[in-house]
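When a ligand or atom number is given, it counts from 1 through the structure's own listing order.
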Amino acid sequence: MNSDTKIVDLLAQHIDLTKEEIAEVLEIPPRAELGDFAFPCFRLAKTMRQAPQKIAVELKEKIETADTAAFIERIEVAGAYLNFFIKRSYRAVNVIRRSLAAGETPGATDKLAGQRIIVEYSSPNIAKPFHVGHAFTTFLGEAIANLYEYQGAEVFRFNHLGDYGTQFGKLIVAWKLWGDEEALAKNAITELTRVYVKFHQEVETRQELDDEAREAFRRLENKEEEELKLWQQFRDVSLEEFDKIYSRLKIEFDNTNGESFYTNIIPEVIERLREKDLLIESEGAQVVDLEEYDLKPCLILKSDGSTIYASRDLAAILYRVKEYDYDLNIYVVGLPQKNHFEQVFAVAKKADFPKAENNVHVAFGTVKMADGGFSTRSGNVILLDDLLETSVVKTSAIIRSNNEDMPEAELKDSAEKIGLGAVRYAFLRAGRERDIIFSWEEMLDFEGDTAPYLQYTIARCKALVRKAGPATMAEVESVSDAALELLLEDEEQEVLKNIELFPLSIERAGKAYEPSIMMRQILTLARAFNKFYHNQPILRCENRDLLLARLALTEAVERTLSAGLKLAGIETVERM
Ligand code: ARG
């Protein structure tokens, strides 16, 4: 058991809070003088009708017994806090043994076994460029899905393709007027974007185009042959391009139903809303009033009877409940759609949809490029393709300058993994609602808060293991407790502590839909390891036991960092 779990169990025996409640408030103090874990007593003050400081003092008395001395060195009271200091020798043995037992999947649990979780992410719009906003949801969603899977949940990855809506009426009209088959064959999305943009320019002076577009969409909704065929073609060519991106990113979805798929279920939505008497007419359109939720009315059907984005989302909820019987339905979509999801979820509640309480919008900020950092094919939209390619090219140059004799094939493979890793990491490193400003220099800094830094640290660990050789590493497999108990230095303990916190960071990251919590944990671990590496000998240790223990520690670091990066969808390399 990890120390944090042991402390939670211990506290649970003495106070009137559940283990979950205790785990939630257990803090990790920023400085070693404050202990390894801190438990704030404020919450107990209410039920116990006592000052939290007094509770802390009494709790310490009760908790400290001969049993706890095996893993707790001491407990200090500081104000309303109980500060726990874990016994160093205990931590050394416990952490390394657990790491050896966990192998390649440290911190994996079955805590969420039986939970069915839908994570909807990526969801690009067909005939539109896959830009960095879609990259954000793609990387974030994949990391969240991985985090839940790692904790035993059954995860369903959904890609809710934007393949429907009135804009396709415009696209059909534009294509028929200005489309170029050859250009479409060469670069479908560029060509479709071109005619779509042209539509918006032309409509300024030719307003009849708007009526034609409305008519074209109406015909599409009626499944008229010509419109349906064009729409199908736009969809197919777009998906081909998206698939290239997904296969490069090694992302696979379980369900890629687009918005169009849900149009057949909309009558059921309407019926349910009618049954509950929720549909009201407003300027010819049908809406649901959401005043009690402090929201504007949600538009369900337009005055011409055509369906809209929100109704398709309501239909999708009904479908997901029926086909997937989910416990949690997560939408990883940008902050600008906050209001949309509030409305959709509110309508679902008001209409008593099943699982109406289990829908969550996980929002994120916007992405910009630092000045002069980027030029792009299509005006001011940054395409993910361009971003990835530039990153790989720059990375390749850096690796080459560090390793003149690296074979070309290895260089190519590493540049792909490191270049892509750098981009993914940049999206995941900070709180998701913060805006991101990309700078190549920062993103590819091998010493910075970056994927290359973590990959470099992993490569460093692997190099140590290689240099130690298989015979020594076999000895490490069966390292004794007595040897492990030698890992008592501050620097070693700091490393151990951060390995031990990895599982907690996974749990917290999952609960908050915030992979950055886990990312920060592995970054802190890497920093701690490199500090240890620079100040202490590993392979040059004179004491054989200490050498084995330090190699075991090195391996544990490597496994933890690799597992963390893998959760983030980032691959590792042997050397760089
Ligand atoms: N396709 C939309 C866009 O690119 C995102 C879809 C979000 N998901 C949803 N269920 N509405 O903006």
Next on the checklist: Students should find this: residues with any non-hydrogen atom under 4.0 Å from ligand 1. What is the answer?
Outcome noted: Glu120, Ser123, Asn125, His134, His160, Tyr309, Asp313, Tyr331, Val333, Gln337, Phe341
Under 4.0 Å between a side-chain nitrogen and a carboxylate oxygen: does that hold for [X] and [Y]?
X: Glu342; Y: Lys338; result: yes
X: Arg194; Y: Glu191; result: yes
X: Glu389; Y: Arg248; result: yes
X: Arg116; Y: Asp327; result: no

Next on the checklist: If we ignore hydrogens and angles and just use 3.5 Å, is the side chain of Arg157 paired with the main-chain N or O of Tyr121 as donor and acceptor?
Outcome noted: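 It does not hold such a pair.
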Next on the checklist: Considering only residues two or more places apart or on different chains, which pairs with a residue in residues 288-318 satisfy ring pair (Phe, Tyr, Trp, His ring centres under 6.0 Å)?
Outcome noted: Tyr309-His340
